Amino acid sequence: MAFPLGSFILFSLTLISTHLSTTHGAFSEQSRIELPSDDHPSQKLTHLHFYYHDIRNDNNPTIVQIIDTPKNVPNGFGSTFMMDDTMTEGPELSSKHIGRAQGLFGLASLQDLGMFMLTNFAFTEGDYAGSTLSMLGRNPISEQNREMPIVGGTGVFRFATGYAIANSLNSISTPEHFVVEYNITVRHP
């Protein structure tokens with residue numbers, strides 16, 4: 001007795017879809033990830049204010065260039081850096097350390113000094129110790145009041161969304177020690 005090709009394909013697809021839905025169901029039952037739902041209708045609005053410090057020296061840098069570009073490219077386009085900067089309560093590096101600003105940024109504009117920024121603000125002190133906020137966006141570094149999106153977080157800030165306003169403190173910054181002020185507003189459970 002011959003088994004028609006169409007029936008064989010239909011039978012195979014049924015077996016595969018049954019296997020996939022069973023696998024998905026088992027994953028969902030085992031998951032401990034808290035998802036946003038009607039159980040958490042109220043969101044908190046949190047405002048954070050801190051500074052981070054880019055240190056560019058030979059002894060103990062907190063920022064290093066990982067990709068350089070040819071000299072004929074305008075605005076350093078393509079230059080890419082990694083950072084692990086100290087976050088402080090006040091503008092001085094000697095003020096209380098509250099965490100680290102860790103991430104990747106690069107010069108991403110041929111027309112101006114526009115960067116892409118992928119930064120995790122990892123808090124180590126206070127109510128937010130062990131929590132992070134993730135920022136991803138364009139940073140036009142020659143402007144003041146630069147707005148960038150907060151796209152997520154962990155710990156206290158799980159499911160956070162919001163925005164960051166960055167301002168360079170040119171009056172106290174040097175080529176070896178660049179200070180940036182951040183005001184962040186986020187909604188989170």
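Positions are given from 1 along the sequence. Every value quoted in this text rests on a predicted model; they were computed, and no experiment measured them.
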Between atom CG of Leu107 and atom CD1 of Ile141, what is the distance when rounded to the nearest 0.5 Å?
->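 Result: 6.0 Å between the selected atoms.
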Flag side-chain contact, heavy atom, 4.5 Å: [X] against [Y]:
X: Arg158; Y: Pro189; answer: no
X: Asp85; Y: Val180; answer: no
X: His188; Y: Val156; answer: yes
X: Thr161; Y: Phe159; answer: no
X: His53; Y: His177; answer: yes
X: Phe50; Y: Glu181; answer: no
X: Leu48; Y: Asn183; answer: no

[X] to [Y] - nearest heavy-atom pair and separation:
X: Tyr52; Y: Ala101; result: CD2-CB, 3.7 Å
X: Asn167; Y: Asn145; result: OD1-N, 2.6 Å
X: Pro149; Y: Leu136; result: CG-O, 2.8 Å
X: Met135; Y: Ala164; result: SD-CB, 3.8 Å

Under 3.5 Å: donor-acceptor pair, side chain of [X], backbone of [Y]:
X: Thr88; Y: Gly90; result: yes
X: Asn57; Y: Asn59; result: yes
X: Thr62; Y: Ile55; result: yes
X: Thr185; Y: Gly162; result: no
X: Arg146; Y: Glu143; result: yes
X: Ser142; Y: Pro140; result: no
X: Gln65; Y: Ile67; result: yes

Just by distance, with hydrogens left out, do His49 and Glu89 show a side-chain donor and acceptor under 3.5 Å apart?
->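 Their side chains do not contain a donor-acceptor pair, so the 3.5 Å distance test is not met.
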Using links of under 4.5 Å between side-chain heavy atoms of ILVMFWY residues, direct or through other members, which residues join Ile172 in one cluster?
-> Tyr51, Leu169, Val179
If you link I, L, V, M, F, W and Y whenever their side-chain heavy atoms are under 4.5 Å apart, who else ends up in the same group as Ile165?
-> Tyr163
Residues two or more places apart in sequence or in another chain: which of them pass salt bridge (charged side-chain N to carboxylate O under 4.0 Å, His left out) with Asp54?
->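 Residues passing salt bridge (charged side-chain N to carboxylate O under 4.0 Å, His left out) with Asp54: Arg56.
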Which residue pairs pass the ring-ring contact (aromatic ring centres under 6.0 Å, His included) test with at least one member in residues 93-114, sequence neighbours excluded?
-> Phe81-Phe105
Output side-chain donor-acceptor pairs under 3.5 Å for residues 113-129, partner residues at least two apart or in another chain, one line each.
unit_1	atom_1	unit_2	atom_2	d
Asn120	OD1	Ser134	OG	2.7
Thr124	OG1	Ile98	O	3.3
Thr124	OG1	Gly99	N	3.4

Examine Met83 and Ile66 and state if one hydrophobic cluster contains both, with Ile, Leu, Val, Met, Phe, Trp and Tyr joined whenever side-chain heavy atoms are less than 4.5 Å apart.
->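 As far as the 4.5 Å side-chain criterion goes, Ile66 and Met83 are not connected within one cluster.
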Any side chain to side chain donor-acceptor pair (under 3.5 Å) pairs touching residues 98-113, not counting sequence neighbours?
-> Asp84-Arg100, Asp84-Gln102, Thr86-Arg100, Ser109-Asp112, Asp112-Arg138
Kindly determine whether Thr154 and Ser131 satisfy side chain to side chain donor-acceptor pair (under 3.5 Å), including the steps that lead there.
-> CA-CA 5 Å; Thr154 64; Ser131 298; 5.6 Å; no
